[in-house]
Number of protein chains: 2
Amino acid sequence: MDPRETILSTAMKLFGEKGFEGTSVRDIAKAADVNLAMISYYFGSKEKLFEHVVDYKSSSIRVVFEELAKSSIPQIEKVDKIIDSYVVRMFTNPQFHHLLHRELSLHQRPQMHDAITEILLRNVVTIKGILQSGIDSGEFKAVDTDLTIATMLGTINHLLISESMCRKLLHKNKGFNPFTSKKLKERVSEHLKQLMRSHLLINNKSDKR
Amino acid sequence: MDPRETILSTAMKLFGEKGFEGTSVRDIAKAADVNLAMISYYFGSKEKLFEHVVDYKSSSIRVVFEELAKSSIPQIEKVDKIIDSYVVRMFTNPQFHHLLHRELSLHQRPQMHDAITEILLRNVVTIKGILQSGIDSGEFKAVDTDLTIATMLGTINHLLISESMCRKLLHKNKGFNPFTSKKLKERVSEHLKQLMRSHLLINNKSDKR
DNA sequence: AAAAATTAATTAAACGTTTGTTTAATTTCA
DNA sequence: TGAAATTAAACAAACGTTTAATTAATTTTT
């Protein structure tokens with residue numbers, strides 16, 4: 001195996017679980033089964049390694065919504081697709097999202113903070129455009145678009161952040177982890193889509209009960 | 001000033017900003033303008049100090065919803081009050097909420113993790129009861145109560161966590177911090193109340209546009 | 001194709017700081 | 001005077017990083 005990739009994925013896992021300051025380069029070297037000095041040799045420093053991890057992983061989460069925005073399907077279906085995309089993304093790699101949001105809540109490493117902000121902000125701007133188009137065309141109510149986005153992302157994020165809380169909440173069965181289950185993904189998708197229909201659509205006939 | 005309280009509030013501020021591992025006891029001693037050894041003298045250890053901080057501050061955020069649950073007003077108005085309560089709470093002391101949620105996303109200090117989970121879980125159970133009552137009485141649609149709660153808390157939490165993102169998003173004006181502004185609080189309150197009405201109420205006439 | 005030379009990868013050990021904590025001496029105040 | 005509060009100094013351990021030596025791989029030369 002390529003030691004570079006081994007270090008990167010191990011570092012990603014440990015940074016995600018224990019935070020940047022909570023993870024020592026010795027922890028990483030041990031878990032990746034490489035010599036301590038290899039980390040400096042390949043990445044220069046712990047902080048540079050961290051930047052490489054963020055760079056390395058954000059390419060995989062960078063979904064392009066620009067194309068979706070241009071397509072001619074109803075805006076509410078675009079919202080559906082965005083929800084599906086975010087749910088899959090965040091549940092596929094929860095550790096990395098913990099890492100990103102933890103970094104956003106810290107006042108350390110300002111340049112990393114800005115870099116992450118820019119990554120997340122690009123998609124937010126596109127989504128805001130889609131919501132605004134829906135409002136302008138009369139398909140959506142004149143909702144607060146910024147806060148509507150906060151609701152979409154915040155709902156998923158909240159489930160990720162409070163993973164263990166959620167486990168106790170959703171399933172008394174202790175051996176079962178809802179975060180590896182497809183059921184929860186679908187449940188979140190379904191919930192958010194219904195929620196957004198109720199919130200956005202003017203003539204909402206979505207109550208199927 | 002009482003050095004104990006000075007240390008507690010300083011530690012709370014620094015832990016909130018830089019995380020537990022990112023804050024040294026020397027940082028705290030310097031910022032609190034007390035001698036380094038005073039922290040061990042008063043609190044025993046850094047970890048004990050952290051527990052004192054969480055204990056000390058969680059008493060102030062521990063709002064009792066049990067009484068609200070028992071009162072005889074419509075369930076939707078109870079939801080309104082819960083939203084107001086959470087918005088005020090989380091915007092009043094955002095650093096402490098950063099601290100709590102960061103701790104929940106980490107796999108360090110399991111006992112602290114459990115303690116925080118229990119604090120947050122108590123309110124969640126009560127809120128879930130209120131939603132379920134609304135469903136049972138026919139006032140609310142048969143929504144997914146767990147995820148509805150995740151939406152309420154997640155929306156507020158998302159605005160806190162991505163504070164700087166939000167600042168760029170909501171106001172291009174860089175000198176203005178939306179998190180000290182009453183306007184954002186009211187905006188979030190308003191948004192969530194409308195959202196929950198659309199989501200929960202069966203005959204929703206809340207569209208005032 | 002074999003040998004020599006050169007570069008790259010890997011290692012154990014050590015470097016100087018910073019960490020949390022403790023000690024022992026001193027000051028403060030009742 | 002005596003207990004509590006406060007201090008500067010020192011402690012060992014852990015930290016990120018570097019060094020210098022060794023092995024492995026690659027390239028060059030014969």
Side-chain angles (χ1 to χ4, degrees), chain A residues 1-57 95 99 102-103 106-113 115, chain B residues 1-57 95 99 102-103 106-113 115:
Chain A
M1 281 180 288
D2 180 18
R4 258 189 74 103
E5 293 234 353
T6 309
I7 293 170
L8 274 174
S9 61
T10 305
M12 180 346 240
K13 180 171 175 286
L14 292 183
F15 286 153
E17 287 174 356
K18 321 202 299 172
F20 179 77
E21 285 86 3
T23 306
S24 72
V25 292
R26 282 173 178 81
D27 287 340
I28 298 169
K30 200 173 178 183
D33 199 36
V34 300
N35 187 278
L36 174 62
M38 297 305 289
I39 290 170
S40 295
Y41 179 74
Y42 279 123
F43 301 99
S45 69
K46 186 188 177 186
E47 195 148 342
K48 289 263 179 64
L49 170 60
F50 186 60
E51 290 168 16
H52 273 92
V53 167
V54 173
D55 241 46
Y56 171 69
K57 284 285 168 183
Q95 282 164 340
L99 189 153
R102 200 180 302 132
E103 202 61 21
L106 289 174
H107 291 202
Q108 314 265 69
R109 297 173 289 282
Q111 75 180 44
M112 181 56 56
H113 192 281
Chain B
M1 282 180 289
D2 178 20
R4 257 189 76 101
E5 293 236 353
T6 309
I7 292 170
L8 275 173
S9 62
T10 306
M12 185 339 245
K13 179 170 174 285
L14 292 183
F15 286 152
E17 286 173 357
K18 321 202 299 173
F20 179 77
E21 286 84 3
T23 306
S24 72
V25 293
R26 281 173 179 79
D27 287 340
I28 298 169
K30 201 173 179 182
D33 199 34
V34 299
N35 186 277
L36 173 62
M38 297 305 292
I39 289 170
S40 295
Y41 180 74
Y42 280 121
F43 300 100
S45 70
K46 186 190 178 186
E47 194 146 340
K48 289 264 179 62
L49 169 61
F50 186 60
E51 290 167 14
H52 273 93
V53 167
V54 173
D55 240 47
Y56 171 70
K57 282 285 170 185
Q95 283 164 340
L99 188 154
R102 201 181 302 132
E103 202 61 21
L106 289 172
H107 291 200
Q108 315 264 70
R109 296 173 290 282
Q111 71 180 45
M112 181 57 55
H113 192 280

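Owing to the predicted nature of the structure, the values given are computational and were not obtained by experimental measurement. Below, read A as the first sequence line, B as the second, and so on, with proteins coming before strands; counting in each chain starts at 1.
- Rounded to a whole Å, the CD1 atom of A:Ile7 is 15 Å from the C1' atom of D:dT17.
- Shown here are the salt bridge (charged side-chain N to carboxylate O under 4.0 Å, His left out) partners of B:Arg4, two or more places apart in sequence or in another chain: there are none.
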Show every donor-acceptor pair shorter than 3.5 Å between a side-chain atom in residues 26-34 of chain B and any protein atom, with sequence neighbours excluded, or say none if there are none.
residue	atom	partner	partner atom	Å
B:Asp27	OD1	B:Ser24	OG	3.4
B:Asp27	OD2	B:Lys18	NZ	3.3
B:Asp27	OD2	B:Ser24	N	3.2
B:Asp27	OD2	B:Ser24	OG	3.3

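- For the pair A:Met38 CE and C:dA9 P, the computed distance is 8 Å after rounding to whole Å.
- Taking A:Lys57 as the reference, nothing meets the salt bridge (charged side-chain N to carboxylate O under 4.0 Å, His left out) condition, with sequence neighbours excluded.
- Every pair passing ring pair (Phe, Tyr, Trp, His ring centres under 6.0 Å) that includes a residue from residues 12-43 of chain A is listed here, sequence neighbours excluded: A:Phe15-A:Phe20, A:Phe15-A:Phe50, A:Phe20-A:Phe50, A:Phe43-A:His52.
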Can you build the contact string for nucleotides 13-30 of chain C? Use B for base contact, S for sugar-phosphate-only contact, and - for no protein heavy atom under 4.0 Å. -B----BBBB--------
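- Sorted pairs that involve residues 42-54 of chain A and meet salt bridge (Lys or Arg N to Asp or Glu O under 4.0 Å), not counting sequence neighbours, are lacking altogether.
- Between A:Ile39 atom CD1 and C:dT10 atom P the separation is 13 Å, expressed in whole Å.
- Atom-to-atom, CG of B:Asp2 to P of D:dA4 comes out at 16 Å; the value is rounded to the nearest Å.
- As a whole-Å value, the separation of A:Phe43 CZ from D:dT17 C1' is 16 Å.
- Between A:Glu21 and A:Arg109 there is a salt bridge, with a side-chain nitrogen of the basic residue lying less than 4.0 Å from a carboxylate oxygen of the acidic one.
- Among the heavy atoms of the strands lying under 4.0 Å from B:Tyr42 are primed sugar atoms or P, OP1, OP2 only; no base atom is included.
- Put simply, CZ on A:Phe50 is 19 Å from C1' on D:dT17, counting in whole angstrom units.
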